[in-house]
Trainee: 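Got a structure for you, questions after.
Note that the coordinates shown come from a computational prediction; the quantities given were computed from them, not determined experimentally.
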Amino acid sequence: MTKAPNGCAMPDEVPDEMPGRAPKTGLLILVVGPSGVGKDSLLDGARERLATAEQFCFPRRCITRAAGSIGENHIPVRPEDFPSMAKQGAFLLSWQAHNLFYGVPRHVQDDVMQGKTVIVNVSRGVINDARSLVGTAHVRVINICATAEVLRQRLESRGREDRYDIAQRLARASAYQVEGPNVIELHNDADLETGIRRFIDAVQHRQETVPSESRPV
């Protein structure tokens, strides 16, 4: 396995199928939710408080966004390089949103296989891909939600979108649904401290006690 200049793993050869790759004890936690719901703040808070717990991993995502841009601490990838990297198997999961490409590095699957709990922010569109690649029993989804008014206030305060964009995002949020097994719905409409506590509780929830359908937190 080689590495791209940006630090993303790029396997020399990736088989079409990887039999026997299902992890025994690890867990991949996919964090999803509409724009403005506070995913980054909850992830940052959990990352800081769980920093000394070796079980938990918060991998950096590869994004076609310049280094030093506002937002998360990501691995920058040039837009012209992303398709070839994806084709060579650099990413376990990848998707496009808001004119950017996002990739979850392939090594995340190895971390899960080694028994780690890996927490990463993804698009809901790749949830079923993750279940197929890692195994449904080893994937948990934390769906972050908030009221429309809270979302509006957060989108306005961060200053990234104009009124039209905010209206569009609120419309998409109203129709946002996540289905399938091992889904936890987390309401993030209180203060940040409460949100972080709820999020860590959802992360540390024992896998075998998570019901097959969505449960609220």
Trainee: I need the minimum non-hydrogen distance between Arg154 and Gly38, along with the two atoms involved.
Mentor: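 Scanning both residues completely, I find the closest heavy atoms to be NH1-N, 4.3 Å.
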Trainee: So does Asp44 pair up with Arg47, basic N to acidic O under 4.0 Å?
Mentor: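 Salt bridge: yes.
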Trainee: At what distance, to the nearest 0.5 angstrom, does OG1 of Thr117 lie from CD of Gln204?
Mentor: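 If we round to the nearest 0.5 Å, Thr117:OG1 and Gln204:CD are 9.5 Å apart.
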Trainee: Does any pair with a residue in residues 91-102 pass side-chain hydrogen bond (donor to acceptor under 3.5 Å, both in side chains), and if so which ones, sequence neighbours excluded?
Mentor: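 Residue pairs passing side-chain hydrogen bond (donor to acceptor under 3.5 Å, both in side chains), neighbours aside: His98-Arg169.
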Trainee: Identify, with sequence neighbours excluded, every residue that meets salt bridge (Lys or Arg N to Asp or Glu O under 4.0 Å) alongside Arg172.
Mentor: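 For Arg172, no residue satisfies salt bridge (Lys or Arg N to Asp or Glu O under 4.0 Å) once neighbours in sequence are set aside.
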Trainee: Counting only N and O atoms by type, is there a donor-acceptor contact under 3.5 Å from the side chain of His138 to the main-chain atoms of Gly26?
Mentor: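 Yes: the side chain of His138 pairs with the backbone of Gly26.
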Trainee: Hey, does the side chain of Arg60 reach the backbone of His74 with a donor-acceptor pair shorter than 3.5 angstrom?
Mentor: yes
Trainee: How would you list, by chain and number, every residue that makes a side chain to side chain contact (heavy atoms under 4.5 Å, CB included) with Pro59, sequence neighbours excluded?
Mentor: His107, Val108, Val118, Val120
Trainee: Residues two or more places apart in sequence or in another chain: which of them pass side chain to side chain contact (heavy atoms under 4.5 Å, CB included) with Thr147?
Mentor: Glu149, Val150, Asp189
Trainee: With sequence neighbours excluded, tell me which residues meet side chain to side chain contact (heavy atoms under 4.5 Å, CB included) with Asn128.
Mentor: Arg131
Trainee: Has Arg140 got a side-chain atom pairing as donor or acceptor with Val203's backbone, closer than 3.5 angstrom?
Mentor: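 Present.
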Trainee: With Glu193, which residues qualify under side chain to side chain contact (heavy atoms under 4.5 Å, CB included), at least two apart?
Mentor: Arg49, Asp191
Trainee: Does atom CD of Glu80 have more than 12 heavy-atom neighbours from other groups under 6.0 Å away?
Mentor: yes
